[in-house]
Amino acid sequence: IVAVDSNDNLYVAGLGSGSSSVLNYPWTGSAYGSPVTVASSLSEVTDIAIDSGGDVFITNFAANYVLEEKPAGSNTYTAVEVGSGSFPNASCVAIDATGNLFVSLSTSVLEAPWSGGAYTTPTTVVSGLPSTPNCVAVDSNENLYLAMNTTNNALLEAPWTGSSYGPTIPVGAGFSNPETDVTSGQGTIYLADTGNNRILELQTAAVNMGSTAVGSTTSPVSLTFTFT
């Protein structure tokens, strides 16, 4: 598992059962420095997310919480449990720009809202998924993207309606065990399509066709579609 924060520091964790560690390789401006241990003696790390303040959030499959590691200076971290008892067998984690935490379980996604300097009680925001997500990502508009496992082989979007998440809709097709999806600030999705040995860039930005009065006509508009 690999993740990077806004300062280009690199975070690496082993995938699989056993005693796992999360390491931080700090970016010095010209190269990556010696690794710093963020967390150790974890039974099975499944995902990592880093917020804008450098806090590292780790899903540990055998635990029922998300482990938050807060930088404490001198290459040390302080561990905090988030949502204790709420996240059994968590598969992946994402965090939005305001600090809200999203965690995927077997067939659902829970959100732990950040409010008043602390995380509040997690609630289910997406349920009834066809299989277990391999990864969850959130874009700048709060839409969720779920890379589903080999049972489903799909990338699903749960659109944010302004007050809740709507029903999931498929995004693209032809994937084989998509493992990781990340979003850019412009809404572009980058998907690791592991079964097909490729990384895909998926454009999700809307097209504005403008408006025309009823009974009127406009000049033709050309659109170019690229399928991968």
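Positions are given from 1 along the sequence.
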Distance-only polar pair, side chains of N177 and N153, donor-acceptor under 3.5 Å: no
For the residue pair N143 and V138, establish whether any side-chain heavy-atom pair is separated by less than 4.5 Å. no
Between G166 and T161, the two heavy atoms sitting closest are N-CG2, 3.9 Å
Of all heavy-atom pairs between L23 and V38, which one has the smallest distance, and what is that distance? C-CG2, 4.2 Å
Common cluster, V12/I1, ILVMFWY with side-chain heavy-atom separation under 4.5 Å: no
Taking the side chain from N100 and the backbone from W114, do they hold a donor-acceptor pair closer than 3.5 Å? yes
Min side-chain heavy-atom separation Y32-N9 under 4.5 Å: no
On a heavy-atom basis, the closest approach of A94 and A137 is CB-CA, 4.1 Å
For the pair T132 (side chain) and S106 (backbone), establish whether a donor and an acceptor sit closer than 3.5 Å, ignoring hydrogens and angles. yes
Going by heavy atoms in the side chains, are Y145 and V136 under 4.5 Å from each other? no
Please tell me whether V2 and V93 are part of a single hydrophobic cluster in this structure, the criterion being side-chain heavy atoms less than 4.5 Å apart. no
Within the 3.5 Å criterion, strictly below it, is a donor on S91 or S104 matched to an acceptor on the partner's side chain? yes
Will you find, in the side chains of T120 and S115, an N or O donor that is under 3.5 Å from an N or O acceptor? no
Using the test ring pair (Phe, Tyr, Trp, His ring centres under 6.0 Å), find all partners of Y25 that sit at least two apart in sequence or belong to another chain. none
Exactly one of L67, T37, I58 should register a side chain to side chain contact (heavy atoms under 4.5 Å, CB included) with V22. Which one does? I58
Do you reckon V80 sits in the same ILVMFWY cluster as L42, going by side-chain contacts under 4.5 Å, direct or chained? no
Does E69 form a side chain to side chain contact (heavy atoms under 4.5 Å, CB included) with D55? I'd like the steps, not just the answer. CA-CA 6 Å; E69 293 284 356; D55 290 11; over 6 Å; no
Shortest non-hydrogen contact between P133 and C92, atoms and distance: O-SG, 4.1 Å
Please step through side chain to side chain contact (heavy atoms under 4.5 Å, CB included) for the pair I95 and F57, ending with a clear verdict. CA-CA 9 Å; I95 189 165; F57 297 84; 3.6 Å; yes
On a heavy-atom basis, which atom in Y165 and which in E142 lie closest, and how many Å separate them? OH-O, 2.7 Å
Between the CD atom in E111 and the OH atom in Y119, the distance rounded to the nearest 0.5 Å is 10.0 Å
Any chance you could lay out the side chain to side chain contact (heavy atoms under 4.5 Å, CB included) test for D193 and S176, step after step, and finish with the verdict? CA-CA 6 Å; D193 189 16; S176 177; 4.1 Å; yes
Any side-chain heavy atom of E44 within less than 4.5 Å of one from S20? no
Hey, is the main chain of G54 close enough, under 3.5 Å, to the side chain of D5 for a donor-acceptor pair? no
Assigning hydrophobic clusters by single linkage (Ile, Leu, Val, Met, Phe, Trp, Tyr; side-chain heavy-atom cutoff under 4.5 Å), is I48 placed with V36? yes
Polar side-chain atom of D96 near backbone of T98 as donor-acceptor pair, under 3.5 Å: yes
Using modelled atom types and a 3.5 Å cut-off, is there a donor and acceptor pairing between side-chain atoms of D51 and backbone atoms of G53? yes
So, do N64 and S86 sit near enough that their side-chain heavy atoms are less than 4.5 Å apart? no
N60 and S43 side chains, donor-acceptor separation under 3.5 Å: yes
When rounded to the nearest 0.5 angstrom, what distance separates OG1 in T78 from CD in E68? 10.0 Å
When you measure from the side chain of T46 to the backbone N and O of T59, does any donor-acceptor pair fall under 3.5 Å? yes
Do L110 and F87 touch side chain to side chain, with heavy atoms closer than 4.5 Å? yes
Please determine which of L129, N134, V171, L155 meets the side chain to side chain contact (heavy atoms under 4.5 Å, CB included) test together with L146. L129
Using modelled atom types only, decide if a donor and an acceptor are shared between the side chain of T76 and the backbone of G73 within a distance under 3.5 Å. yes
Locate the shortest heavy-atom distance separating T168 from A158; write the atom from each residue and the value. CG2-CB, 4.1 Å
In terms of hydrophobic clustering (I, L, V, M, F, W, Y; side-chain heavy atoms under 4.5 Å; direct or indirect links), are V66 and V45 co-clustered? no
Taking C-beta and beyond as the side chain, do V109 and L144 meet within less than 4.5 Å on heavy atoms? yes
Using a distance-only test with no angle check, is there a side-chain donor-acceptor pair under 3.5 angstrom linking Y77 and N24? yes
Using the side chain to side chain contact (heavy atoms under 4.5 Å, CB included) rule, take F175 and L191 through it: C-alpha gap first, then chi angles, then the decisive distance, then the call. CA-CA 9 Å; F175 308 126; L191 180 71; 3.4 Å; yes
